[in-house]
Amino acid sequence: MKATPFTEKHIALGAKMAPFAGYNMPISYTGINDEHAAVRKNAGVFDVSHMGEFILKGENALDLIQRVTSNDASKLKAGQAQYSCLPNDNGGIIDDLLVYCIEENKTYMLVVNASNIEKDWNAISRFNDKDVEMHNISEKTALLAVQGPAATRIIQSLTDLDVLNLKYYTFVKGRFAGVDNVLISATGYTGAGGVEIYFEDKDDDASKIWDAIFEAGAEAGIKPVGLGARDTLRLEMGYCLYGNDIDDNTSPLEAGLGWITRFTKEFNGRAIIEQQKAAGVERKLVGFEMIDKGIPRQGYEIKDHMGATIGHVTSGTQSPSFGKAIGLGYVSTAFASIDTPVFIKVRDKLLQAKVVKLPFA
């Protein structure tokens with residue numbers, strides 16, 4: 001297994017470690033519920049250095065991004081980021097990703113899911129017929145997400161960059177905690193506010209930044225947070241997890257990602273997705289909450305009141321914030337309306353649930 005620049009920190013803190021996307025990653029420290037509450041109410045630090053980062057440079061960089069992603073990256077100015085996806089030839093989703101505009105029309109950073117780094121690189125390279133300079137900087141890039149209502153105040157104390165006034169999906173670059181060339185982005189996967197911090201893993205910079213963040217946040221009670229709470233936090237917001245809620249066989253329209261699918265430009269898979277929009281999709285990703293007691297898990301069947309299968313669960317958990325079980329799943333479009341009763345097959349029982357509006361949080 002690979003290690004991140006912070007692996008020794010996690011082990012020293014007594015984290016429960018497990019393999020994830022080829023990395024030895026922290027799942028929890030003091031417990032998922034405790035860490036979840038810390039982020040919702042205060043601030044928590046996630047090591048997400050396993051994520052992938054690509055740099056695309058040159059006069060045709062934007063053109064390449066436009067042809068391989070669903071969103072319209074031409075709207076981006078320097079210092080802005082965008083959520084998007086990489087559609088495949090069949091209109092499915094190769095991956096979801098962030099596009100950062102470092103220099104308008106010239107330099108961009110793409111942030112992709114850890115398990116898809118090689119797949120995404122190959123998918124983008126396939127369309128690189130105009131000599132765009134591509135660099136996979138994943139192995140040498142460290143990434144910390146500092147999330148929660150107190151996060152930006154803590155981070156601001158470590159830099160002269162204006163972090164407190166960063167608008168959602170914008171970023172700044174500069175000196176942070178004594179380290180140069182750090183990118184601080186008003187993004188995250190929790191819905192609790194905060195930033196993500198990218199920097200090159202060299203010398204002792206990772207340890208320096210980690211220690212500085214925890215020292216600055218000590219009085220506020222900042223906590224390290226593992227992937228377990230990352231999952232419960234994102235699920236409460238209804239955010240898709242690649243491999244669970246979206247994959248190569250789900251389209252952006254089925255997944256409720258029509259808002260990042262722009263037909264004002266040409267992109268791979270556009271014709272098929274446009275046909276889906278015209279005809280309507282046969283299934284949709286919905287959020288649901290359990291009425292009967294039981295935890296929905298990925299792969300469980302979703303049934304109608306007659307017991308006929310109408311879909312399947314893609315993600316599910318006991319929500320730490322609400323004290324009830326919630327989930328995401330694909331259902332036939334006829335059952336996708338808010339308040340529609342559905343039933344989750346848990347072992348041999350059909351447990352009642354209902355479709356609810358996202359986000360849960």
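Note: hydrogens, waters and symmetry copies are ignored here, and every other heavy atom, side chains too, is used. The chain is numbered in sequence order, starting from 1. No experiment lies behind these values; they were computed from the predicted model shown.
At least one test fails for Arg67 against the ring of Phe267: distance under 6.0 Å to the centre or angle within 45° of the axis.
Of the possible donor and acceptor atoms, one in the side chain of Asn128 sits under 3.5 Å from a partner among the backbone N and O of Val132. With hydrogens and angles disregarded, no donor-acceptor distance shorter than 3.5 Å links the side chain of Ser207 to the backbone of Asp204. Counting only distance, with no hydrogens or angles, the side chain of Asp292 and the backbone of Gln352 share a donor-acceptor pair below 3.5 Å. Counting only distance, with no hydrogens or angles, the side chain of Thr232 and the backbone of Ala229 share a donor-acceptor pair below 3.5 Å. In terms of modelled atom types and a separation under 3.5 Å, the side chain of Glu35 and the main chain of Thr30 share a donor-acceptor contact. Within the 3.5 Å criterion, the main-chain N or O of Ala123 finds no donor-acceptor partner in the side chain of Asp120. Of the possible polar contacts, none joining the Asn60 side chain to the Asp63 backbone as a donor-acceptor pair under 3.5 Å is found. In this structure a side-chain-to-backbone donor-acceptor pair under 3.5 Å is present from Arg270 to Lys265. For Ser84 (side chain) and Asn71 (main-chain N/O), a donor-acceptor pair under 3.5 Å exists by modelled atom type. Put simply, the side chain of Glu301 never gets that close to the backbone of Thr309: no donor and acceptor are under 3.5 Å apart.
In this structure, Leu351 CG and Tyr300 OH are separated by 9.5 Å, a value rounded to the nearest 0.5 Å. The distance from atom CG of Leu86 to atom CG of Asn88, rounded to the nearest 0.5 Å, is 9.5 Å. With rounding to the nearest 0.5 Å, the separation of CD1 in Ile55 from OH in Tyr108 is 12.0 Å. Taking CE from Met51 and OH from Tyr189, the interatomic distance works out to 8.0 Å, rounded to the nearest 0.5 Å. With values rounded to the nearest 0.5 angstrom, Asp201 atom CG is found 7.5 Å from Phe6 atom CZ. With rounding to the nearest 0.5 angstrom, the CG atom of Asp72 is 11.5 Å from the OG1 atom of Thr261.
Environment of CD in Glu59: sparse, with no more than 12 heavy atoms of neighbouring residues, nucleotides or ligands closer than 6.0 Å. In the displayed structure, Lys303 atom NZ is contacted under 6.0 Å by more than 12 heavy atoms of other residues, nucleotides or ligands. Taking a 6.0 Å sphere around CG of Asp160, one finds it holds 12 or fewer heavy atoms contributed by other residues, nucleotides or ligands. In this structure, Asn122 places its CG atom where more than 12 heavy-atom neighbours from other residues, nucleotides or ligands lie under 6.0 Å away. The environment of Glu103 atom CD is dense: over 12 non-hydrogen atoms of other residues, nucleotides or ligands sit within 6.0 angstrom. Dense packing is recorded around CD of Glu104, with more than 12 heavy atoms of other residues, nucleotides or ligands lying under 6.0 Å away. At most 12 heavy atoms of other shown residues, nucleotides or ligands fall within 6.0 angstrom of atom NZ in Lys41.
Judged by distance alone, the side chains of His135 and Glu133 do bring a donor and an acceptor atom under 3.5 Å apart. Glu196 and Ser185 share no side-chain donor-acceptor pair at under 3.5 Å.
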Derivation and outcome, side-chain hydrogen bond (donor to acceptor under 3.5 Å, both in side chains), residues His50 and Thr4: CA-CA 7 Å; His50 61 307; Thr4 79; over 6 Å; no

Pair Ser321, Ser319 - check side-chain hydrogen bond (donor to acceptor under 3.5 Å, both in side chains), show working. CA-CA 5 Å; Ser321 297; Ser319 164; 4.8 Å; no

For Asp47 and Lys9, what are the C-alpha separation, side-chain angles and deciding distance, and is it a salt bridge (charged side-chain N to carboxylate O under 4.0 Å, His left out)? CA-CA 10 Å; Asp47 174 13; Lys9 299 279 189 186; over 6 Å; no

Would Phe322 and Phe360 count as a ring-ring contact (aromatic ring centres under 6.0 Å, His included) here? Give the steps. CA-CA 9 Å; Phe322 311 121; Phe360 300 100; 7.5 Å; no

Between Ser115 and Asn113, does the side-chain hydrogen bond (donor to acceptor under 3.5 Å, both in side chains) criterion hold? Intermediate values first, please. CA-CA 6 Å; Ser115 57; Asn113 284 299; over 6 Å; no

Walk me through whether Thr314 and Gln298 qualify under side-chain hydrogen bond (donor to acceptor under 3.5 Å, both in side chains). CA-CA 5 Å; Thr314 55; Gln298 184 186 20; over 6 Å; no

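Checked for salt-bridge contact, Asp34 and Lys223 meet the test: a charged N lies under 4.0 Å from a carboxylate O. Between Arg234 and Asp231 there is a salt bridge, with a side-chain nitrogen of the basic residue lying less than 4.0 Å from a carboxylate oxygen of the acidic one. Between Arg126 and Asp89 a salt bridge is recorded (basic side-chain N to carboxylate O distance below 4.0 Å). Taking the charged nitrogens against the carboxylate oxygens, Lys119 and Asp95 have no contact shorter than 4.0 Å, which rules out a salt bridge.
Looking at heavy atoms from C-beta onward, Ile326 lies out of side-chain contact with Val356 at the 4.5 angstrom threshold. Looking at heavy atoms from C-beta onward, Arg175 lies out of side-chain contact with Thr159 at the 4.5 angstrom threshold. By the 4.5 Å heavy-atom criterion applied to side chains, Leu62 and Ser74 are counted as neighbours. Using a 4.5 Å cut-off on side-chain heavy atoms (C-beta onward), Phe171 and Leu98 make no contact. Contact check for Phe288 versus Ile344: side-chain heavy atoms found under the 4.5 Å cut-off. At least one side-chain heavy atom of Phe127 sits less than 4.5 Å from a side-chain heavy atom of Leu64. You'll find the side chain of Val172 reaches within 4.5 Å of the side chain of Leu166, heavy atoms only. Leu285 is listed as a side-chain neighbour of Asp245, based on a closest heavy-atom distance under 4.5 Å.
Cluster annotation: Val195 and Phe214 are assigned to the same hydrophobic cluster (Ile/Leu/Val/Met/Phe/Trp/Tyr, side-chain heavy-atom contacts under 4.5 Å, transitive). By the criterion of side-chain heavy atoms lying less than 4.5 angstrom apart, applied directly or through intervening Ile, Leu, Val, Met, Phe, Trp or Tyr residues, Ile213 is grouped together with Ile184 in one hydrophobic cluster. One hydrophobic cluster, built from ILVMFWY side chains closer than 4.5 Å, holds both Ile117 and Ile124. Put simply, Leu13 and Val225 are part of two different groups of oily side chains (I, L, V, M, F, W, Y) that touch within less than 4.5 Å, one to the next. In this structure, Phe46 is not a member of the same hydrophobic cluster as Ile209, with clusters built from ILVMFWY side-chain heavy atoms closer than 4.5 Å.
For Tyr169 and Tyr83, the ring centers sit 6.0 Å or farther from each other. Phe176 and Phe199 have their aromatic ring centers separated by at least 6.0 angstrom.
Ring geometry, Phe54 versus Trp121: the interplanar angle exceeds 60°, so the pair is classed perpendicular (tilted spans 30 to 60°).
Minimum heavy-atom separation, Ile154 to Ser157: O-OG, 2.6 Å. The minimum heavy-atom distance between Phe343 and His305, with the atom names listed, is CE1-CA, 3.5 Å.
In terms of the salt bridge (charged side-chain N to carboxylate O under 4.0 Å, His left out) criterion, residue partners of Arg40 (sequence neighbours excluded) are, by chain and number, Glu236.
Here side-chain hydrogen bond (donor to acceptor under 3.5 Å, both in side chains) pairs that include residues 16-28, with residues two or more places apart or in two chains, number zero.
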